[in-house]
Visitor: 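I'd like to ask you about the structure that follows.
Atoms within each ligand, like the ligands themselves, are counted from 1 in listed order. This one's a predicted model, so the numbers in the text were calculated from it and none came from an experiment.
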Amino acid sequence: MWDFFETVRHRHSIRKYRENSTIEAEKLHAVLEMACAAPSAGDLQAYRIFAVISETLRRRLSEAADNQQFIARAPATLVFCADPERSAQRYGERGRNLYAIQDATIAATYAQLAVVAAGMGSTWVGDFNDNEVAKLLGLDGALIPIAILSIGYPAEIPEPTPRRRMEDVVVYKED
Ligand SMILES: Cc1cc2nc3c(=O)[nH]c(=O)nc-3n(C[C@H](O)[C@H](O)[C@H](O)COP(=O)(O)O)c2cc1C
């Protein structure tokens, strides 16, 4: 098991997965448990997570995501959907437009790091057709797909991607 800092440093977008490898049910469960452990506004967890193992559905999701083939090749896909009305019931417009999206995004972030800690890799996919994904998952309009994570055992460890300089991103503000 890696500590938190190692886990974050070892997270790279993985787009090549070991062939014919499945994900153990306990590992997938552990990842989902960590997603649900994420903080959420008012502890409402205004999201739903769809876990997709089915090869057919993964292929269709990849088609709905600009034909990004690695989604079909990864043994599992998680689709994080915001539940705006759940948050709106308590927080009104702010819950509907902001908190529900943040809740779903934070849950996906926790899942992505848990995937690494569990010895696997993932890619966060944002380039997809909302309506097509909603249709494939049978969403009734109440849930909005926010992020897709393709998950599997890495077949490659990519070069680390560069980041902006800390000084360009962080502002130490004084009064
Ligand atoms: C909101 C968001 C949307 C993204 N959408 C895609 C995508 O559709 N396809 C893809 O291959 N990678 C996607 N990525 C992954 C980024 O390209 C990747 O995180 C970034 O280049 C940094 O590389 P790293 O994850 O290896 O550190 C997305 C990441 C985020 C956070």
Visitor: Please could you name the atoms of ligand 1 that Asp127 approaches to less than 4.0 Å, counting only its heavy atoms?
Guide: 8 (O)
Visitor: How close do Leu61 and Val52 get, counting heavy atoms only, and between which atoms?
Guide: CD1-CG2, 4.0 Å
Visitor: Within a distance under 4.0 Å of any heavy atom of His12, pick out the atoms of ligand 1 and give their elements.
Guide: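 Every atom of ligand 1 under 4.0 Å from some heavy atom of His12: 26 (O).
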Visitor: Looking only at protein heavy atoms, which one is nearest to atom 12 (N) of ligand 1, and what is the separation?
Guide: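 Result for atom 12 (N) of ligand 1: Arg15 NH2, 3.1 Å.
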Visitor: Go through the steps for Arg9 and Glu6 under the test salt bridge (charged side-chain N to carboxylate O under 4.0 Å, His left out), then give the verdict.
Guide: CA-CA 5 Å; Arg9 285 198 188 99; Glu6 281 177 303; over 6 Å; no
Visitor: Atoms of ligand 1 less than 4.0 Å from Thr123 heavy atoms?
Guide: 10 (C), 11 (O), 12 (N)
Visitor: Out of curiosity, Phe80 CZ to Ile101 CD1, how far, rounded to the nearest 0.5 Å?
Guide: 15.5 Å
Visitor: Check Ile146 against Thr105 and note the closest heavy-atom contact, atom names and distance.
Guide: CG2-OG1, 3.8 Å
Visitor: Give me the atom names and distance for the closest heavy-atom approach of Ala46 to Asp103.
Guide: N-OD2, 3.2 Å
Visitor: Dump the intermediate steps for side chain to side chain contact (heavy atoms under 4.5 Å, CB included) on Tyr91 and Leu44, then the final yes or no.
Guide: CA-CA 10 Å; Tyr91 297 115; Leu44 291 177; 3.9 Å; yes
Visitor: Would atom 19 (O) of ligand 1 count as contacted, meaning some protein heavy atom under 4.0 Å?
Guide: yes
Visitor: When you measure from atom 25 (O) of ligand 1 to every protein heavy atom, which one gives the shortest distance, and what is it?
Guide: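 Among all protein heavy atoms, the one nearest atom 25 (O) of ligand 1 is Ser13 OG, 2.6 Å.
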Visitor: Which pair of heavy atoms, one from Ala72 and one from Arg59, lies closest together, and at what distance?
Guide: CB-CA, 3.9 Å
Visitor: One thing to verify: whether Glu63 and Arg60 come together as a salt bridge, which I'm taking to mean a side-chain N less than 4.0 angstrom from a carboxylate O.
Guide: no
Visitor: Using a strict cut-off of 4.0 Å, indicate which atoms of ligand 1 neighbour a heavy atom of Gly126.
Guide: 3 (C), 4 (C), 5 (N), 6 (C), 7 (C), 8 (O)
Visitor: Side chain, backbone, both or neither: which part of Arg163 has a heavy atom under 4.0 Å from ligand 1?
Guide: side chain
Visitor: Determine, counting only non-hydrogen atoms of the protein, whether one lies under 4.0 angstrom from atom 15 (C) of ligand 1.
Guide: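 Looking at atom 15 (C) of ligand 1, one finds that a protein heavy atom does lie closer than 4.0 Å.
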Visitor: Around atom 30 (C) of ligand 1, find the nearest protein heavy atom and jot down its residue, atom name and distance.
Guide: Trp124 CD1, 3.5 Å
Visitor: Taking only heavy atoms of Gln68, which atoms of ligand 1 are found under 4.0 Å from at least one of them?
Guide: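 Answer for ligand 1: 7 (C), 8 (O), 9 (N), 10 (C), 11 (O).
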Visitor: Do you reckon Met34 sits in the same ILVMFWY cluster as Val115, going by side-chain contacts under 4.5 Å, direct or chained?
Guide: no
Visitor: Geometry only, no angles: is Phe70 polar-contacting ligand 1 at N/O separations under 3.5 Å?
Guide: no
Visitor: Report, in ascending order of atom number, the atoms of ligand 1 lying under 4.0 Å from any heavy atom of Thr161.
Guide: 22 (C), 23 (O), 24 (P), 26 (O), 27 (O)
